[in-house]
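Quick notes on the structure that follows.
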Amino acid sequence: MEDSEDSLFSLHKRLALAGFEVKIAMNGAEGVDWAKTLLPDLIVMDLRLPGLDGWEATRRLKGQPETKHIPIVVVTQIRQRKAAEGVCCWL
């Protein structure tokens, strides 16, 4: 889940070149809905998303039985890295 077009293009290109199938959500609400439907192997999450931010999207994903097992990697420019329950790593 990423809302910056520059970051999104770079991340999508790198993951696709590495052989991953990439689905994009531009905001947290869309990402939470898609995750419940698509059940991805991994979620890459920005914390600064419009509307439902990445913090709340992560809380909701980890609070739902069908999505709580999905690893979440946070990619953000936020310097303060407070603990987010269920986040497997920070980039």
Side-chain angles (χ1 to χ4, degrees):
M1 296 175 214
E2 174 64 68
D3 65 327
S4 163
E5 289 187 28
D6 291 337
S7 296
L8 206 113
F9 175 77
S10 175
L11 187 59
H12 183 276
K13 184 176 179 179
R14 289 176 190 214
L15 290 171
L17 285 172
F20 294 96
E21 181 181 346
V22 180
K23 302 290 184 191
I24 298 169
M26 297 294 287
N27 61 62
E30 182 180 63
V32 170
D33 288 342
W34 283 12
K36 288 191 291 187
T37 302
L38 299 172
L39 298 175
D41 294 322
L42 175 73
I43 295 173
V44 178
M45 177 79 70
D46 183 6
L47 296 178
R48 292 184 181 175
L49 295 169
L52 185 71
D53 67 21
W55 293 106
E56 182 59 26
T58 298
R59 278 190 284 279
R60 289 185 186 186
L61 290 165
K62 291 303 176 181
Q64 298 175 2
E66 63 268 38
T67 57
K68 69 180 182 181
H69 70 281
I70 302 171
I72 297 175
V73 175
V74 172
V75 179
T76 189
Q77 294 180 2
I78 296 174
R79 290 180 187 247
Q80 180 185 7
R81 293 184 175 182
K82 59 184 178 181
E85 186 176 331
V87 172
C88 68
C89 47
W90 296 77
L91 300 176

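Nothing here was measured: the structure is a model prediction, and the numbers come from that model.
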Output yes when a side-chain donor or acceptor of [X] lies under 3.5 Å from a complementary backbone atom of [Y], and no otherwise.
X	Y	answer
K62	I70	yes
K68	G63	no
D46	L49	no

Indicate if [X] and [Y] have the same hydrophobic cluster label, given that clusters are the connected sets of ILVMFWY residues with side-chain heavy-atom separations under 4.5 angstrom.
X	Y	answer
L11	F20	yes
V22	L42	yes
L38	L15	no

Rounded to the nearest 0.5 Å, what's the gap from [atom1] on [X] to [atom2] on [Y]? Could you check?
X	Y	atom1	atom2	value
R59	D53	CZ	CG	7.0 Å
H69	L61	NE2	CG	10.5 Å
K23	T37	NZ	OG1	12.0 Å

**OP:** Please report the shortest heavy-atom distance between A35 and P40, naming the atom on each side.
**Re:**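 What the structure gives for the nearest pair is O-CD, 3.7 Å.
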
Original post:
If every non-hydrogen atom of M45 is compared with every non-hydrogen atom of G54, which pair is closest and at what distance?
Top reply: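 Scanning both residues, the minimum pair turns out to be SD-CA, 3.7 Å.
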
Subject >> Side-chain touch V32/L52, heavy atoms, less than 4.5 angstrom >> reply: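 They are in contact (side-chain heavy atoms under 4.5 Å apart), so the answer is yes.
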
